[in-house]
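Worth saying up front: this structure is predicted, and the values here are computed from it rather than measured.
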Amino acid sequence: MRVFVTGATGFVGSAVVSELLQAGHQVLGLSRSERGAALLRSQGAQVQIGSLEDHDSLRDGARASDAVVHTAFNHDFSRFAASCEEDRAAILALGEGLSGTDRPLLVTSGVAVVRSGPVATEADPAVPTSPTYPRATEAATAELVQAGINARVVRLPFSVHGPGDHGFVPMLIGIAREKGFAAYVGDGENRWPAVHRLDAARAYRLALETPETDGPFHAIGEEGIPFRAIAEAIGQGLDFPVRSLTPDDAGSYFGFLGIFAGMDGPASCDRTRAALGWQPAECGLLADIGRSGYF
């Protein structure tokens, strides 16, 4: 297939690009800059110049391809509502580019939007969009499905790790450096799911290559790692003490990450493994923290 990938130079998207190319597919990668375009061309991909805000470029890329993988999202949490609206509009534009066809669209979501507490499964619906949680990724995808578009969701865990990670774990390390200690909330037994970026990329490819299987798919390598263990790995890497915080103190330590630091969000991928024949093969998060240049 010729696959149009948004976020093609990002942490997850670049792994998807490599995985698709290695499997013999062609890739058309979205890039807003010539630097990103040069990187994609060096990998053997073609380039669609544009951005999430340039809906013509999204529609054109989708029309020119046999399938679409949408991994792009602006993770600037200081403008989260605006990023969510950009994502919603981009998904609808990609759907317009696929209108009248049965070509697949994979849209990236997260298990954090499902629920906290009991282990989340692929059968669980996303939390409804609201003013307090404006992300509309799955609602927009459902809108496309209602319009006859072959759109499916891939949910990623709290931590997608590996060399080059710039997600929650590096943010937690930065906070620990600033505060002089690593921390967790309460007893730290709340659980974070995780996956290595290369395992996640294989899940995307297999989902594209298994068009008859409905999503959502859970690209989850580890169902739930106690947050205390993550804090202890950070403390060990920095040679810093590790402390428990009360929920009242968590906000001043973690900032906007406080809600995630205390979240218990284990997630299963049993259905995804069975449907796609997907088996995570890379190292786990705690091992990766100790060896992938996080410090």
Side-chain angles (χ1 to χ4, degrees), residues 7 9-16 71-78 80 83 108-114 116 120 154-201 203 218-245 250-267 269 280-295:
T9 59
F11 183 61
V12 173
S14 61
V16 172
T71 69
F73 188 84
N74 186 338
H75 288 93
D76 180 357
F77 288 96
S78 68
F80 185 57
S83 296
T108 303
S109 182
V111 296
V113 308
V114 180
S116 292
V154 178
R155 291 172 177 161
L156 296 177
F158 295 13
S159 174
V160 180
H161 57 90
D165 182 0
H166 52 267
F168 286 163
V169 170
M171 292 180 190
L172 292 171
I173 292 171
I175 292 169
R177 287 186 192 277
E178 176 187 345
K179 304 293 186 179
F181 64 97
Y184 55 90
V185 182
D187 63 7
E189 290 302 311
N190 59 296
R191 296 154 292 177
W192 272 25
V195 71
H196 194 284
R197 65 192 287 264
L198 300 183
D199 284 326
H218 279 194
I220 307 295
E222 295 175 281
E223 183 174 288
I225 305 163
F227 190 84
R228 178 173 180 168
I230 298 172
E232 288 171 343
I234 292 171
Q236 181 177 354
L238 294 173
D239 195 23
F240 279 4
V242 181
R243 302 177 188 171
S244 170
L245 300 175
S252 61
Y253 177 90
F254 289 109
F256 79 89
L257 278 181
I259 186 173
F260 296 103
M263 187 177 288
D264 186 38
C269 63
E282 306 297 328
C283 68
L285 174 60
L286 298 181
D288 209 15
I289 289 175
R291 74 183 195 185
S292 289
Y294 279 93
F295 303 99

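The shortest heavy-atom contact between Arg155 and Ile220 is O-CD1, 4.4 Å. For the residue pair Ala176 and Ile234, the shortest heavy atom distance occurs at CB-CG2, 4.0 Å. Nearest heavy-atom pair across Ala250 and Val185 is CB-CG2, 3.8 Å. When every heavy atom of Ala231 is checked against every heavy atom of Val242, the shortest pair comes out as O-CG2, 3.8 Å. The minimum heavy-atom distance between Gly180 and Pro241, with the atom names listed, is O-CD, 3.7 Å. Nearest approach of Ala267 to Val111, heavy atoms of both residues: CB-CG1, 3.9 Å.
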Under the criterion side chain to side chain contact (heavy atoms under 4.5 Å, CB included), I'd like the reasoning laid out for Leu286 against Ile230: C-alpha separation, chi angles, the key distance, then a yes or no.
CA-CA 7 Å; Leu286 298 181; Ile230 298 172; 4.2 Å; yes
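The CZ atom of Phe260 sits 7.5 Å away from the CZ atom of Phe158 when rounded to the nearest 0.5 Å. One distance of note links CG of Asp165 with NE2 of His196; it measures 9.5 Å at 0.5 Å rounding. Distance CD1/Ile289 to CD1/Ile225: 7.5 Å, rounded to 0.5 Å. Atom CZ in Phe254 sits 13.5 Å away from atom CE in Met171 (nearest 0.5 Å). The structure places CZ of Arg177 at 12.5 Å from CD1 of Ile175, a figure rounded to the nearest 0.5 Å. Here CG of Leu285 is found 6.5 Å from OH of Tyr294. Values are rounded to the nearest 0.5 Å.
In this structure, His218 and Pro193 have side chains that are not in contact, with every pair of non-hydrogen atoms separated by 4.5 Å or more. Using a 4.5 Å heavy-atom threshold, the side chains of Ser83 and His75 count as separate. Residues Val160 and Val195 are in side-chain contact: their nearest non-hydrogen atoms beyond the backbone lie under 4.5 Å apart. Residues Val169 and His161 form no side-chain contact, since every pair of their non-hydrogen atoms from C-beta on lies 4.5 Å or further apart. Looking only at side-chain heavy atoms (C-beta outward), Glu222 and Cys269 stay at 4.5 Å or farther from each other. In this structure the side chain of Thr108 never reaches within 4.5 angstrom of the side chain of Phe73, judged on heavy atoms.
The environment of Asp187 atom CG is dense: over 12 non-hydrogen atoms of other residues, nucleotides or ligands sit within 6.0 angstrom. Around the CD atom of Gln236, the shell of radius 6.0 Å holds no more than 12 heavy atoms that belong to other residues, nucleotides or ligands.
The backbone N or O of Phe11 lies less than 3.5 Å from a partner atom in the side chain of Arg197, making a donor-acceptor pair. Using a distance-only test at 3.5 Å, with no hydrogens or angles considered, a donor-acceptor pair links the side chain of Asp288 to the main chain of Gly162.
Take Tyr253 and apply the ring-ring contact (aromatic ring centres under 6.0 Å, His included) test, not counting sequence neighbours, and it matches Phe181. Judged as a side-chain contact (heavy atoms from CB on, under 4.5 Å), and not counting sequence neighbours, the contacts of Asp76 are Asn74, Ser78, Arg79. Looking at residues two or more places apart in sequence or on another chain, you find a side-chain contact (heavy atoms from CB on, under 4.5 Å) between Asn190 and Trp192, Phe227, Asp264.
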